[in-house]
Number of protein chains: 2
Amino acid sequence: MSQSKRAELIRKALLLFYRNGFHATGMDLVAKETGVSKTSIYKHFRTKDELILAVLRLRDEEFRNWLFRRMEELADTPQGQLLAMFDALEEWFLEDGFKGCMFIKASAEFQNPDDAINAQAYAHKRMLVDHFENLATHAGAENPHALARQFLLLKEGAIVIAAMSHSESAAREAKSVASLLVASGLVGTQRTA
Amino acid sequence: MSQSKRAELIRKALLLFYRNGFHATGMDLVAKETGVSKTSIYKHFRTKDELILAVLRLRDEEFRNWLFRRMEELADTPQGQLLAMFDALEEWFLEDGFKGCMFIKASAEFQNPDDAINAQAYAHKRMLVDHFENLATHAGAENPHALARQFLLLKEGAIVIAAMSHSESAAREAKSVASLLVASGLVGTQRTA
DNA sequence: GATTATATTGACCGATCAGTCAATGTGAAG
DNA sequence: CTTCACATTGACTGATCGGTCAATATAATC
């Protein structure tokens with residue numbers, strides 16, 4: 001199987017898992033929708049869980065690239081970019097196929113802490129908070145780590161509520177809280193945009 | 001089937017669904033664990049989805065009773081009770097069997113907006129925000145509805161992160177943000193505990 | 001063009017899925 | 001004690017689950 005074929009398989013599997021859920025999506029459906037026989041799939045992924053892990057790796061890469069790039073496009077300063085995250089989220093919530101966060105859902109369906117899927121889902125969140133902390137540091141926050149964790153809190157809350165309510169308004173609500181946090185946590189430092 | 005037997009069945013099914021997930025829990029397992037034959041279960045619940053709906057009704061009632069009572073026990077004033085929610089959440093996160101929010105997980109596994117399970121899961125969150133808004137009003141908040149939505153945001157974010165990270169620290173982080181919100185949104189009104 | 005190594009396949013495995021049915025057990029009314 | 005309405009059961013359905021295997025197609029090597 002060529003590398004491009006393999007990538008396409010993972011991308012199509014991602015859509016199926018994202019739309020229908022992990023347990024609810026059978027490997028027969030994956031085979032049918034990708035046009036690759038089940039035997040071939042199992043030649044490249046030893047188990048369904050391994051395919052899911054590959055899907056999560058792709059999602060992690062794509063989502064990170066998209067979010068961080070969008071934050072940079074929307075603002076010039078570190079603190080502006082932190083706040084712009086919620087504008088980016090709002091755009092995401094408004095997309096047609098939006099169905100919540102794939103990692104939250106993966107963690108919800110594979111709850112065992114020893115499960116590799118569970119661990120990988122949380123690793124995505126740790127990667128996010130690291131990025132936030134980096135930005136917060138450059139923004140001159142009093143406590144960059146604490147601020148980053150609070151931003152993650154707001155982001156996850158907004159995603160969950162947006163997915164459950166089928167509305168994008170949580171993004172703006174989260175941003176208003178985030179603005180307050182930034183204003184509070186950067187007191188005494190430069191606050192210019 | 002007596003009312004108590006039925007209630008016990010739902011309670012045991014709740015534990016199974018909460019621990020293993022909805023799709024991952026088969027009706028044969030429910031029958032085995034409850035000691036009630038599958039035929040009998042289907043005499044009282046026409047489909048698995050109806051059993052899940054009954055489970056969610058029980059969870060809604062139990063969680064609401066527990067949370068609201070705990071908030072009242074931990075504080076005397078409306079605004080104190082709002083902040084005490086996060087102390088109650090921390091207690092929950094530290095419980096042995098904590099596995100996240102059942103409604104978030106239900107919404108994640110049944111994503112179709114037309115699905116009754118999806119709708120009922122969101123109804124639970126609307127019930128919560130109504131209660132928060134009521135407390136915020138009595139606390140003299142400038143914009144009770146906005147404050148209630150922000151509290152929901154923090155609560156859902158804290159639950160998701162606590163479940164994914166297998167740690168209770170998100171509760172304190174959310175409370176610190178909530179304190180800032182209360183201090184900010186109640187400016188000009190009484191702020192005594 | 002023959003040989004060989006590798007991809008790919010449809011058919012199949014036992015287990016489990018949600019849900020059903022004929023048969024049996026049970027308790028109250030007569 | 002009999003009857004009758006109803007609750008409960010184990011065994012079963014066709015479909016689907018994750019995963020496998022012998023056979024075939026394909027492509028590279030000589």
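The chains referred to below are lettered A, B, ... by the order of the sequence lines, with proteins before strands, and numbering in each begins at 1.
Across the protein-nucleic acid pair, B/Y42 atom OH and C/dC17 atom P stand 10 Å apart, rounded to whole Å. Rounded to whole Å, the distance from NZ on A/K32 to C1' on C/dT9 is 18 Å. Rounded to whole Å, the distance from CZ on A/R6 to C1' on C/dA7 is 14 Å. Atom NE2 in A/H44 sits roughly 10 Å away from atom C1' in C/dT6 (whole-Å rounding). Regarding A/K43, its NZ atom lies at a distance of 19 Å from the P atom of D/dG18, rounded to whole Å. Here the C1' atom of nucleotide D/dT9 and the CE atom of B/M27 are 15 Å apart, to the nearest Å. Going from atom CZ of B/F22 over to atom P of C/dC17 covers 16 Å, rounded to whole Å. Atom CD1 of B/I41 and atom P of C/dC17 are 13 Å apart (whole Å).
In terms of phosphate contacts, A/S40 brings no side-chain nitrogen or oxygen within less than 4.0 Å of OP1 or OP2 of C/dA7. Look at B/K48 and you'll find a side-chain N or O under 4.0 angstrom from OP1 or OP2 of C/dA18.
Ranked by how close their nearest DNA chain C nucleotide is to the 5' end, A/D28 and B/L29 are led by A/D28. Map A/A24 and A/R46 each onto its nearest nucleotide of DNA chain D; the residue landing nearer the 5' end is A/A24. Both A/S37 and B/K38 lie close to DNA chain C; mapped to their nearest nucleotides by heavy-atom distance, the more 5′-ward contact belongs to A/S37.
Checked against the 6.0 Å centroid threshold, B/W92 and B/F86 do not count as a close aromatic pair. Here the two rings, on A/Y122 and B/H166, have centers that are 6.0 Å apart or farther.
Within the nucleic acid shown, A/H23 has no heavy atom closer than 4.0 Å to any nucleic acid atom.
The CD1 atom of A/I41 lies 4.5 Å from the OG1 atom of A/T34; values are rounded to the nearest 0.5 Å.
A salt bridge does not link A/K105 to A/E109: none of the charged side-chain nitrogens sits closer than 4.0 Å to a carboxylate oxygen.
Relative to the ring axis of A/F103, A/R59 does not place its NZ or CZ within 45° and under 6.0 Å from the centre.
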